[in-house]
Amino acid sequence: MTADPVTTQQPRLAAEVPATVRASLSPSRAADFKTCPLLYRFRSIDRLPERPTVEQARGTLVHAVLERLFDLPAAGRTPTAAGDLVAPQWERLVTEQSELAELFTDGDDGARSAFLRSAAGLLEGYFTVEDPRRLEPAERESLVSAVVDEELLIRGYLDRLDVAPDGALRVVDYKTGGAPREAFEARALFQLKFYALVLWRTRGVVPRVLRLLYLKDAEICDYAPDADELVRFERTVVALWRAIEAATAAQDFRPRPSRLCDWCSHQALCPSFGGTPPPFPAQPAAADPLPDSRSLPAPPGADE
């Protein structure tokens with residue numbers, strides 16, 4: 001299956017942030033709270049460090065290669081060219097994010113080589129579902145934001161935004177895990193609806209297509225939102241934010257055990273596993289700061 005060509009560019013619109021805005025929320029942190037309020041606290045309030053996993057690092061690498069691929073002339077966007085980008089992009093990421101260097105010990109060239117080959121394999125899946133020679137994305141790794149309820153700034157990074165000649169928008173998100181079960185797909189669509197709401201509020205256009213590209217299984221999942229749905233989704237986001245504020249005021253973030261606990265870095269501090277959370281900060285950090293929006297990938301299969 002090959003994606004339809006989308007070739008036109010659309011200027012980005014910078015929205016003014018009213019002085020009334022007093023909080024921000026990204027889809028990742030909103031999904032954290034929905035998944036487990038205590039996980040939200042550990043990440044957004046306590047700011048506990050999390051070591052990246054090999055799966056997360058591979059997803060970061062594949063995203064970086066796909067972003068750089070579109071810097072090449074259209075005719076040069078081939079599987080070979082993408083494969084040639086893997087090693088240099090990994091070296092760049094390790095330089096910029098020193099914690100990634102800890103994934104492989106010195107002298108463990110075999111593990112590192114296998115890791116790079118696995119990333120190249122996922123890129124082969126990308127070329128199965130899209131032909132990048134026929135695409136000219138309007139935006140890549142683009143920060144988008146909008147204000148809802150006059151007080152909440154919602155924002156996040158789009159993997160890719162395509163704009164058709166008639167102005168129709170297609171939001172594209174790369175997933176390096178396998179095509180998910182229903183629960184995981186709902187989380188992925190929650191993220192894309194977040195972006196769709198931002199684009200609708202800032203550009204006045206409901207995206208025609210929200211597209212998930214599952215590279216491991218070489219599958220495409222398309223979803224077409226409508227304005228009524230986004231109105232309801234906006235109410236959901238505002239209600240979620242108010243629940244976060246109430247939990248913060250009460251210093252009450254409870255664990256919500258699920259299958260996702262298997263990938264959690266904080267089991268030792270979680271009451272569900274016999275742990276005790278640290279004391280609640282006397283002055284909690286500002287919830288969901290902008291630098292966090294890209295730093296904490298979801299568990300494998302959920303939001304990679």
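Using a 4.0 Å cut-off between charged side-chain N and carboxylate O, E67 and R92 make no salt bridge. A salt bridge links R77 with E136; the closest basic N to acidic carboxylate O contact falls under 4.0 Å. Between R112 and D109 no salt bridge is recorded (no basic side-chain N to carboxylate O distance below 4.0 Å). A salt bridge does not link D162 to R211: none of the charged side-chain nitrogens sits closer than 4.0 Å to a carboxylate oxygen.
Rounded to the nearest 0.5 angstrom, L69 CG and L123 CG are separated by 8.0 Å. Note that the CD atom of Q251 and the CZ atom of F280 stand 5.0 Å from one another [nearest 0.5 Å]. Rounded to the nearest 0.5 angstrom, H63 NE2 and L122 CG are separated by 10.5 Å.
In this model, no donor atom of one side chain and acceptor atom of the other lie less than 3.5 Å apart for R58 and T176. Counted by atom type alone, E229 and Y223 present one or more donor-acceptor pairs between their side chains at under 3.5 Å.
Between Y174 and V62, the closest side-chain pair of non-hydrogen atoms is not below 4.5 Å. No side-chain heavy atom of L213 sits less than 4.5 Å from a side-chain heavy atom of D159.
Here the closest heavy-atom approach between residue L38 and residue C270 is recorded as CD2-SG, 4.1 Å.
Evaluation of the salt bridge (charged side-chain N to carboxylate O under 4.0 Å, His left out) rule for E151 yields R22 as partners, not counting sequence neighbours. Partners of R201 under the side chain to side chain contact (heavy atoms under 4.5 Å, CB included) rule, at least two apart in sequence or in another chain, are A146, L197, E234.
Between Y126 and F70, the ring planes lie perpendicular to each other; the angle is over 60°, past the 30° to 60° tilted range. Aromatic ring orientation, F233 versus F194: perpendicular (interplanar angle above 60°, classes split at 30° and 60°).
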